[in-house]
Number of protein chains: 2
Amino acid sequence: MPVSSKPAPAVEEVDTSYLETLVGYNATRASLKVIELFSKRMAVYDLRHVDFSILSLITHNPGITSRQLCGALSILPPNLVGKIVTLEKRKLVHRKPHPQDGRAVGLYLTDAGEALMRDAEGTAVDLETEATQRLSAAEKKTLMRLLQKIYR
Amino acid sequence: MPVSSKPAPAVEEVDTSYLETLVGYNATRASLKVIELFSKRMAVYDLRHVDFSILSLITHNPGITSRQLCGALSILPPNLVGKIVTLEKRKLVHRKPHPQDGRAVGLYLTDAGEALMRDAEGTAVDLETEATQRLSAAEKKTLMRLLQKIYR
DNA sequence: TATTGTTATACTCTATAACTATA
DNA sequence: TATAGTTATAGAGTATAACAATA
């Protein structure tokens with residue numbers, strides 16, 4: 001055996017075991033995987049996942065304000081403005097003055113917006129089923145509960 | 001009771017129950033929550049979460065190539081270049097020719113990089129404990145397993 | 001012909017400061 | 001004085017095309 005140092009070995013298979021002990025890593029990878037599928041399936045509606053979340057919250061909270069949307073989705077107000085403007089230009093959303101607060105504006109879906117979201121929410125359910133096909137119903141329920149324990 | 005339409009009601013509390021039925025939504029919110037804490041705790045090392053993942057993979061896979069890093073972390077090659085250059089300028093990483101493949105370059109931590117990662121990986125474990133403090137050890141283990149079922 | 005690493009580039013996302021109008 | 005919505009802008013993240021060197 002020579003005393004000289006061995007040549008640097010090549011990495012055959014990447015060892016990710018340390019990263020896989022971290023919730024942050026696992027949650028991020030799972031999130032990206034679902035969003036990737038989401039983007040593909042929602043392309044027909046020309047909706048990004050944040051747009052979908054915005055429209056979905058307006059669907060279930062007609063009259064919601066920009067501030068409330070920002071709070072619920074952790075979006076900063078300046079970054080929401082452009083999205084709302086775009087959705088309004090597409091005639092999916094319209095704005096009405098807030099009944100009590102003159103500073104605020106209530107957001108509503110148009111008929112076209114409602115029709116689109118009926119389709120899109122159905123597609124979302126389908127795609128979620130596909131993304132979680134390796135999980136049983138009980139496992140899926142458990143996963144939701146544990147994730148909510150982290151962010152709530 | 002007047003026949004005229006009632007004024008638009010204000011939304012008191014935002015109903016997020018539909019979004020909370022979606023794994024994508026839950027995983028993304030949990031991911032963002034952990035990354036937020038991660039960013040705060042890792043600020044002392046001037047490491048973003050992707051930089052940490054890169055250094056961690058080099059730690060546990062000395063000689064790993066850029067391509068392998070890209071594959072393991074779902075980063076596109078052009079977007080990795082700048083990060084490696086920065087880590088090299090900071091003397092945390094150095095590059096050596098790949099022993100078999102003349103096109104490729106093996107990545108290694110410097111002594112300073114190893115010292116930093118010993119501290120940073122400890123900090124990561126602490127911060128993960130904090131982020132998952134509402135989960136039991138068994139729940140945490142279950143969560144990891146279920147998340148991996150989604151992205152693997 | 002295919003792959004590694006790279007440059008250039010465009011688009012999106014995220015973040016901060018500052019303004020206006022209303023409360 | 002505080003808050004809702006907005007503008008401007010800077011920085012970080014993500015995407016595609018194309019090239020040189022090597023396999």
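So you know, we letter chains A, B, ... as the sequences are listed, proteins then strands, and number each from 1.
- Distance, A/Leu80 CG to C/dA15 P: 14 Å, rounded to whole Å.
- Using modelled atom types, one finds no donor on one side chain facing an acceptor on the other under 3.5 Å when comparing A/Ser31 with B/Arg29.
- Of the side-chain N and O atoms in B/Arg67, one or more sit less than 4.0 angstrom from OP1 or OP2 of C/dT4.
- Following rounding to the nearest Å, A/Ile75 (CD1) and C/dT14 (P) show an atom-to-atom distance of 8 Å.
- C/dA8 atom P lies 18 Å from atom CG of B/Leu76, rounded to whole Å.
- Looking at B/Tyr45 and B/Asp51, their side chains never bring a donor and an acceptor atom within 3.5 Å of each other.
- With a 4.5 Å cut-off on side-chain heavy atoms, A/Leu69 and A/Asn61 do not count as touching.
- Taking side-chain N and O atoms only, B/Arg48 has no distance below 4.0 Å to OP1 or OP2 of C/dT14.
- OP1 or OP2 of C/dT6 has at least one side-chain nitrogen or oxygen of B/Arg95 nearer than 4.0 Å.
- Considering only the side chain of A/Asn79, C/dT14 comes nearest among C/dT14, D/dT6, C/dT4.
- For B/Arg103 and A/Ser74, each mapped to the nucleotide of DNA chain C holding its nearest heavy atom, the one lying further toward the 5' end belongs to B/Arg103.
- Distances shown here put every side-chain N or O of A/Lys83 at or beyond 4.0 Å from the OP1 or OP2 atom of C/dT12.
- If you check the side chains of B/Glu121 and B/His60, you find a donor sitting under 3.5 Å from an acceptor.
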